[in-house]
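Data first, discussion second: the structure below is written as structure tokens.
Side-chain atoms are counted along with the backbone in the values below, which use heavy atoms only and exclude waters and symmetry mates. As the structure is a prediction and not an experimental result, all values here were calculated from the model. Letters A, B, ... are given to chains in the order of the sequence lines, protein chains preceding strands, and every chain is numbered from 1.
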Amino acid sequence: MSRAAQGMPEGSSSDAPLSSPVVSAPSSQSSKPPRVLACTLCHQRKVKCDHNFPCSNCIKSGAECVPTVPARRRPRRQIAKRDLLKRLRRYEELLLRSNINFESLPDSSSLVETSFSTEVDHGSDDDENSEPVDGTESPSPSATAKSERGLSYETKSFWHAMNQSRDDIENQSNCPSYEDRETMVKKAWEQLSGDNILLILGSRKTAANLSHLHPEPIQIFRLWQVYLDNVNPLIKVIHPPSTQGRIIEAMGNLRQISPPFEALLFSIYSMAVLSLSEEDCQTFFDCPREYLLSRYQYGCQQALLNSRFLRTNDRECLTSLFLYSMSIGLSTDPVTLSSILGITHRIARRIGIHNEGITRKHDPFEAEMRRRLWWSFALFDDRMGGMADFKSASLGPTWDCSIPLNVNDSDLWPHMKQAPAARGFSTDATHVVVRAQIGEFIRHSKFHLDFTDPSLHAVARDAQRVEVPDLAALEKMIEEKYLKFCDPDIPLHFLTIWMTRGHMAKHRLVEHYWKHDGSTPNEAAAEANVDATMSHAFTMLECDTKVMTQPTTRGYTWLYNFYFPFPAYLQIIKELRRCPVGKHAERAWGLMDENFAARLSTTSTYHSPLFKVFATTVLPAWDAREAALKESGQTLTPPAMVIEVRKGLVQMGQSTQDGYFPKGADQQPGNGTNMNDLGFSVSMPTSLGINGLLSEMSNGGHGSHGGTEAGIFTGLFGQTPPEEMNPGNWPAMGWGFGG
DNA sequence: AACATCGGACTTTCAAACGG
DNA sequence: CGTTTGAAAGTCCGATGTTG
């Protein structure tokens, strides 16, 4: 056995890899060739690595060869010294007891204490994320802030409470304070778990070098520009003026980026690619969109692992996790995504970005970025929760994070002393502020809570702002305070105007269902109900079509792919089945046809279970209309939507004569479908197709009905045989559609 | 038989201690 | 400030287990 060769990086000399060599001693200025570490897989498997990239082992096993970055060297442990001194003191005691004379060390007991403190200091040595506790971990008790509504949402500190009752004896001793103990306990947990807790995105013992996954500098800049154009205006979780310089700096040395910032970079790339079309990706990057997306999402995963994101206190790391979650949103199912968002939610709450009391302890810039992140997260989480039939998503009354300020990016700067005043006109942040305003109302509203968690009514009552008593008042306020200042010629403003109006219509529709459970006193009232619901549904479709057909807002559709207006379709189809040639029919078919053309007609695939559900919802309504008109001797040309849908069914190998609900249509295991291709926005396993669509209905708007109606629709359809999905049966199945 | 896992012997690195 | 020390980091052999 040639042990002499062990530990020698054999590939480190002439045959060093062309890319991704890892320098283990960056501080060294010597001309020594950089040390190349074994790749993560060889390291983990404890086998000889040839130090090439990719290495022969990885090539052989078909694994991705990920170079290792050297672990941060931990300071030496002081514990041995402490043990020695402790032991020495014990032996001295024994000598004393045995009446043996000896020369004692001067005050060895104090030395023990000293070294104990030293040990505490070194306890957290290796945690890259153990950045200074910035007030987020253990809020000072004196600062238990009351929110502007008089309610305190900040929790008491158990450790501090213990400290309050500390007796004098303990005060006099050299015992660490309870706050110190809290830190010690936390650090001990970190030491105990090491890096083996990285269970979510995989686990590895060593950090990976990701420099080879970054695009070329010019492409980094292009992706950043795409992010600024398409993504940032809709969520505002990154502050461009202060981030751009850091990106340029990072481009200079991609190997020295801090893990959280690297995660942020990859999340920016991922979101930028998400917002681009296939053609754009080919034109700008000469690569398939799918390839770019998975490459940068993989980079983001690895960077998050390097950042130890599960233990992070870093707002930017959390931002990366949020953006990463969004970027996978269109290619995974809502249940999985909702679970991942659950982790994000837990981290966010641990950091305290939902809590105004904690947020206000930060400088105005950081506080504002925390609010923007929380609101974007809460709205998205709520949307995904709704689609996953998870009723207790983020949008509830149990937190007090303020609405982001309506300010321009140039009004904010890191370490600013005074928070900027909100502008009285439209700004860079208007879109997110309007979304938050609606979310703020919805999360306290009775109809929302009745559909999510009625036990929170008392909390909502205490916190509800009186100045916005109902949806009509909210709509008026939003129109006058924000939309009035929007210029429809500016794409973002155009989007803000029409999406807001569409979402308001959706909330009115939901509220209507909540108020009117189907029992109407007379014919006239029933007619008025139908008129109202149809009017809301029409508005939803009109607004959605406006946005989806506007070429200048094409870059923004990535977000609104999550919001297919299925509630409108269901409401309209239900009414058309009831009354195929009624007063609403003409307009209804026209609007659905236009919306279908804007949302779905470009699809080339008809193999989705969601398409089947859509088809089997629409076609019976058209057949009913045809039959009714035939009776009166009229003939009709079917709208393009009906022709397309029929064509799609034929392509699927299903004849309409076989019935609209082919056997097992929704029961094929593992038949995942990317609904983005259909404009439905999510990919989901077949078995989730119906619920997903239903939650689309439940949540077709603003992401404000987390789990609201989803459960109701699931209750209606979740376990029912396909035949019972006939919209004609809806009213009989427990939920009042007003019929 | 081929491949994967992992204990542990061994080497390398470098922060801290030491000594002049 | 150069040298020494020794703990931490890194390498990978070879025994053993698993799989096809």
Sequence-distant partners of A:Arg346, salt bridge (charged side-chain N to carboxylate O under 4.0 Å, His left out), two or more places apart: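 Per chain and number, A:Arg346 pairs via salt bridge (charged side-chain N to carboxylate O under 4.0 Å, His left out) with no residue.
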
Listed partners of A:Arg295 passing salt bridge (charged side-chain N to carboxylate O under 4.0 Å, His left out), at least two apart: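 Checked A:Arg295 against salt bridge (charged side-chain N to carboxylate O under 4.0 Å, His left out); zero matches.
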
Check: A:His354 ring centre within less than 6.0 Å of A:Phe377 ring centre: no

Report all interatomic pairs (protein N or O, nucleotide N or O of nucleotides 1-5 of chain B) with separations under 3.5 Å.
unit_1 : atom_1 : unit_2  : atom_2 : d
B:dA4  : OP2    : A:Arg45 : NH2    : 2.8

By side chain to side chain donor-acceptor pair (under 3.5 Å) - contacts of A:Ser338 (at least two apart): none

Any residue meeting side chain to side chain donor-acceptor pair (under 3.5 Å) with A:Thr336, in chain and number order, not counting sequence neighbours: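 With neighbours one apart ignored, the set is A:Asp333.
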
Between atom [atom1] in [X] and atom [atom2] in [N], what is the gap in whole Å?
X: A:Leu37; N: C:dA8; atom1: CG; atom2: P; answer: 19 Å
X: A:His43; N: C:dA8; atom1: NE2; atom2: P; answer: 15 Å
X: A:Gln44; N: C:dC12; atom1: CD; atom2: P; answer: 16 Å

N or O in side chain of A:His51 less than 4.0 angstrom from C:dG10 OP1/OP2: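 False: A:His51 side-chain N/O out of range (4.0 Å or more) of C:dG10 OP1/OP2.
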
With sequence neighbours excluded, residues passing side-chain contact (heavy atoms from CB on, under 4.5 Å) with A:Ser61: A:Leu41, A:Arg45, A:Ala63

